[in-house]
K.L.:
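Sending over a structure as structure tokens; questions will come in a sec.
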Amino acid sequence: MSKHASLPGFRDFHPEEMARRTQIMAAWREVARRYGFEEYDGPPLESLELYIEKSGPEIVNQLFNFTDKGGRDVALRPEMTPTLVRMLGTRIKGLPRPVRWFSTPQLFRYEKQQRGRLREHFQLNMDIIGEESIVADADLLSAALEVLRVLGLTASDVVARVSDRRLLHAALVELGVSEENLAVAYNVIDKVERDPREVCLERLGAIGLDRERAEKALGLTDMTLEQFAAAHPGNEVIAKVAEDLRVYFAALGSLGFGDWVTFDMKIVRGLAYYTGVVFEIFDRRGELRAICGGGRYDKLFSALAGVDVPALGFGFGDVVLGELLKDRGLAATASRALDAMVIAIDDASREAALETVAALRGAGLAVIYPYRAGGVGKAMKAASASGARDTIMIGPDETARGVMKVKRMADGSEREMSVEEYLGELK
RNA sequence: GUGGGUGUAGUUCAGUCGGUUAGAACGCUGGAUUGUGGAUCCAGAGGUCGAGGGUUCGAACCCCUCCACCCACCCCA
């Protein structure tokens with residue numbers, strides 16, 4: 001045990017954990033590439049003001065912040081969106097739209113840690129800026145789901161629950177909720193699965209909904225899209241959004257994710273700035289926190305950068321996803337893939353063995369060899385433990401004939417061949 | 001930040017009523033095996049019993065404080 005443990009909520013990545021991190025990062029990148037997104041990044045340390053401006057002064061409680069030696073109030077970035085808005089805000093006008101950018105930043109938050117929730121994590125951010133079509137919303141969610149599919153998960157493992165802020169807003173307004181009470185109503189709907197029904201009704205009562213209307217509001221949360229639309233005849237906003245969502249779900253079906261998505265009014269998301277589609281992806285067993293969440297935030301650029309462009313995006317963290325992969329036996333464990341271990345049978349063969357190692361490495365193979373002389377049995381044991389595909393033995397007999405003995409560890413078969421023949425066979 | 005639970009070897013755990021030198025399995029190292037791995041057998045290393053203080057003739061065990069992790073809140077970028 002080291003004298004210095006890692007800080008709470010911060011991770012050491014031993015090879016096993018690093019393999020999983022690399023696996024996740026590779027899936028993120030592959031999907032971002034296939035979906036035509038460009039990569040960007042910003043500084044991990046930003047001015048505290050950047051986050052206060054977007055989220056309000058309460059956010060400071062959840063930030064890793066301090067005053068630097070120049071007297072500046074700074075914070076480790078807790079999210080990527082403010083950085084994205086800054087970077088794009090001044091340039092969006094000169095770029096062909098829509099802009100599709102992704103990043104995989106390490107983000108920080110000062111919070112008590114729990115499973116799936118640390119003080120540091122990596123997060124895939126994918127954003128589409130300058131596009132108002134609902135099809136973009138569908139494409140974005142399909143990208144998040146594609147990541148899960150690439151990693152071996154299926155529609156029976158995970159589900160994306162989708163709602164739309166405009167629907168909830170319109171329905172609550174129709175029930176008589178005033179603008180200043182909307183946040184409370186959103187919060188009640190968001191927690192309807194966790195809080196007892198009576199508590200929900202009480203909270204709705206506190207913002208002026210009588211029993212009948214409160215019951216009605218809670219009743220919305222279990223409706224399908226069509227039930228919801230049918231329950232609000234004559235409401236033009238709801239009719240329009242419902243039509244949008246039909247297009248949205250149809251697009252997801254065509255993109256191959258029909259079984260992965262479901263309409264669910266209970267999805268609200270905490271952030272105030274969402275203006276349209278919102279979604280969260282969960283494991284179907286409900287054992288973990290949300291895997292990924294996002295939505296449309298059409299007003300954020302105008303509020304923060306003074307540029308009126310629609311935008312949508314999601315954040316997809318590595319922690320919950322890693323837990324899910326482990327639980328389903330899909331997590332990568334191999335931290336390296338060795339092609340061969342080369343064993344010198346005796347001291348006289350050492351030189352030839354090292355030359356062979358150099359030749360193989362030079363040809364691009366991953367090769368190791370025992371540093372200390374010892375019995376062949378011991379070397380073989382080490383080769384087996386190393387996970388190398390082949391063990392290559394070089395002794396007086398082989399050297400005399402200009403060959404090496406190659407043993408395929410998986411089946412134990414042995415063959416003699418030259419370095420050239422070996423390399424040629426692997427092509 | 002609030003409340004509850006749990007802390008013993010690298011890992012998973014046992015440890016009786018407070019009683020001598022804290023154990024097991026797996027893993028690791030060495031050997032059986034000086035031209036052939038996985039199995040088996042033998043041996044070995046590895047512990048501030050989370051930390052500090054207290055009670056006691058004596059504490060892994062009881063008490064207090066702190067720390068860490070887990071769970072639920074708060075919050076969720």
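A note on names: the letters A, B, ... follow the listed sequences, proteins ahead of strands, and every chain is numbered from 1.
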K.L.:
Could you tell me the separation between the CZ atom of A/R372 and the C1' atom of B/G30, rounded to a whole number of Å?
P.N.:
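The distance from CZ of A/R372 to C1' of B/G30 comes to 11 Å, rounded to the nearest Å.
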
K.L.:
Can you find a donor-acceptor N/O pair under 3.5 angstrom joining the side chain of A/E414 to the base of B/G35?
P.N.:
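Looking at the base of B/G35, it does not pair with any donor or acceptor on the side chain of A/E414 (distance under 3.5 Å).
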
K.L.:
Would you mind pulling out the nucleotide paired to B/U21, Watson-Crick or G-U wobble, both distances under 3.5 Å?
P.N.:
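Across all strands, not a single nucleotide pairs with B/U21.
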
K.L.:
Look at the side chain of A/M409 and decide which nucleotide, out of B/C75, B/G37, B/C73, has an atom nearest to it.
P.N.:
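From the listed options, B/G37 comes nearest.
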
K.L.:
Rounding to an integer number of angstrom, what distance separates B/A22 and B/C13 when you compare their P atoms?
P.N.:
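Each nucleotide's P atom is 23 Å from the other's.
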
K.L.:
Write down the distance between CE (A/M380) and C1' (B/A39), rounded to a whole number of angstrom.
P.N.:
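Computing the A/M380:CE to B/A39:C1' distance gives 16 Å.
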
K.L.:
My understanding is that only one of A/D195, A/D222, A/D190 makes a salt bridge (Lys or Arg N to Asp or Glu O under 4.0 Å) with A/K266; could you say which?
P.N.:
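It is A/D222; the other options fail the test.
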
K.L.:
Over all strands shown, is A/E111 touching base, sugar-phosphate only, or nothing at heavy-atom distances under 4.0 angstrom?
P.N.:
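Touches a base.
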
K.L.:
Please find the pair of heavy atoms, one from A/G89 and one from A/I92, that lie closest to each other, and give the distance.
P.N.:
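Shortest heavy-atom contact: O-CG2, 3.6 Å.
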
K.L.:
Send over the distance from A/M404 CE to B/G35 P, rounded to a whole Å.
P.N.:
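Answer to the nearest Å: 21 Å.
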
K.L.:
What does A/D346 touch in the nucleic acid at a heavy-atom separation under 4.0 angstrom: a base, only the sugar-phosphate, or nothing?
P.N.:
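It contacts nothing in the nucleic acid.
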
K.L.:
Applying the Watson-Crick and G-U wobble criteria at under 3.5 Å, what pairs with B/A32? Answer none if nothing qualifies.
P.N.:
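In the structure as shown, B/A32 has B/U40 as its Watson-Crick or wobble partner.
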
K.L.:
Is it the case that the side chain of A/S384 and the backbone of A/K381 share a donor-acceptor pair, with hydrogens and angles ignored and the cut-off at 3.5 Å?
P.N.:
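Judged by distance alone, no pair lies under 3.5 Å.
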
K.L.:
Decide yes or no, distance alone: a donor-acceptor N/O pair under 3.5 angstrom between the base of B/G37 and the side-chain of A/K407.
P.N.:
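Answer is yes: a donor-acceptor pair is held.
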
K.L.:
Does a distance-only test, which skips hydrogens and angles, find a donor-acceptor pair under 3.5 Å between the side chain of A/K381 and the base of B/U36?
P.N.:
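Donor-acceptor pair under 3.5 Å: no.
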
K.L.:
What is the nucleic acid contact for A/E398, judged by heavy atoms within less than 4.0 Å: base, sugar-phosphate only, or nothing?
P.N.:
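It contacts base atoms.
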
K.L.:
Would you please indicate if the ring centroids of A/Y273 and A/F301 are separated by under 6.0 Å?
P.N.:
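Centroid distance A/Y273-A/F301: not below 6.0 Å, so no.
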
K.L.:
Looking at A/D264 and A/R161, would you say the former's side chain and the latter's main chain have a donor-acceptor pair under 3.5 Å?
P.N.:
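The answer is no, because no donor-acceptor pair under 3.5 Å joins these two groups.
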
K.L.:
Taking atom P of B/A72 as reference, at what distance in whole Å does atom CD of A/E287 sit?
P.N.:
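Distance, rounded to whole Å: 12 Å.
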
K.L.:
Looking at the rings of A/F108 and A/Y110, which for Trp means the six-membered one, are their centres under 6.0 Å apart?
P.N.:
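Between A/Y110 and A/F108, which both carry aromatic rings, the centre distance is not below 6.0 Å.
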
K.L.:
When the C1' atoms of B/G15 and B/A9 are considered, how many whole Å apart are they?
P.N.:
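Each nucleotide's C1' atom is 14 Å from the other's.
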
K.L.:
Among B/C74, B/G35, B/C75, which is the nearest nucleotide to the side chain of A/Q62?
P.N.:
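Nucleotide nearest to A/Q62's side chain: B/C75.
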
K.L.:
Partner of B/A14 by Watson-Crick or G-U wobble geometry, both contacts under 3.5 Å, or none?
P.N.:
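Pair assignment: B/A14 / none.
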
K.L.:
For A/K191 and B/A72, what is the distance between atoms NZ and P respectively, to the nearest whole Å?
P.N.:
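After rounding, the reported distance stands at 13 Å.
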
K.L.:
Base, sugar-phosphate or nothing for A/F108? Non-hydrogen atoms, less than 4.0 Å.
P.N.:
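Answer is base: heavy atoms of A/F108 come under 4.0 Å of a base.
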
K.L.:
Please report the distance, rounded to the nearest Å, between CG in A/D190 and P in B/C75.
P.N.:
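Whole-Å distance recorded here is 10 Å.
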
K.L.:
Considering only heavy atoms and no angle criterion, is a donor-acceptor pair shorter than 3.5 Å present between the side chain of A/K112 and the base of B/U2?
P.N.:
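Present.
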
K.L.:
Reckon A/K405 touches a base, only the sugar-phosphate, or nothing at all at heavy-atom distances under 4.0 Å?
P.N.:
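Base contact - A/K405 has a heavy atom under 4.0 Å of at least one base atom.
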
K.L.:
Any cation-pi pair here, A/R21 with A/F13, using under 6.0 Å and within 45°?
P.N.:
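Yes, A/R21 lies over the aromatic ring of A/F13.
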
K.L.:
So what does A/G412 touch, heavy atoms closer than 4.0 Å: a base, only the sugar-phosphate, or nothing?
P.N.:
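Since a base atom lies under 4.0 Å of A/G412, the category is base.
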
K.L.:
Roughly how many Å is it from CZ in A/R117 to C1' in B/A72, rounded to a whole number?
P.N.:
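A/R117 atom CZ is separated from B/A72 atom C1' by 12 Å.
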
K.L.:
Using the P atom in both, what is the distance from B/G10 to B/U29, to the nearest Å?
P.N.:
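That atom pair is separated by 15 Å.
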
K.L.:
Base, sugar-phosphate, or nothing for A/P82, non-hydrogen atoms under 4.0 angstrom?
P.N.:
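No contact at all - A/P82 keeps every heavy atom at 4.0 Å or more from the nucleic acid.
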
K.L.:
With heavy atoms under 4.0 Å as the rule, sort A/P8 into base, sugar-phosphate or nothing.
P.N.:
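The residue A/P8 makes sugar-phosphate contact but no base contact.
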
K.L.:
When the distance from CD1 of A/I368 to C1' of B/G37 is rounded to whole Å, what number comes out?
P.N.:
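Going from CD1 in A/I368 over to C1' in B/G37 covers 13 Å.
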
K.L.:
By nearest atom, which of the nucleotides B/G35, B/A72, B/G37 is closest to the A/S384 side chain?
P.N.:
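From the listed options, B/G37 comes nearest.
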
K.L.:
Once you apply a heavy-atom cut-off of 4.0 Å, does A/R77 come out as touching a base, just sugar-phosphate, or nothing?
P.N.:
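It contacts nothing in the nucleic acid.
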
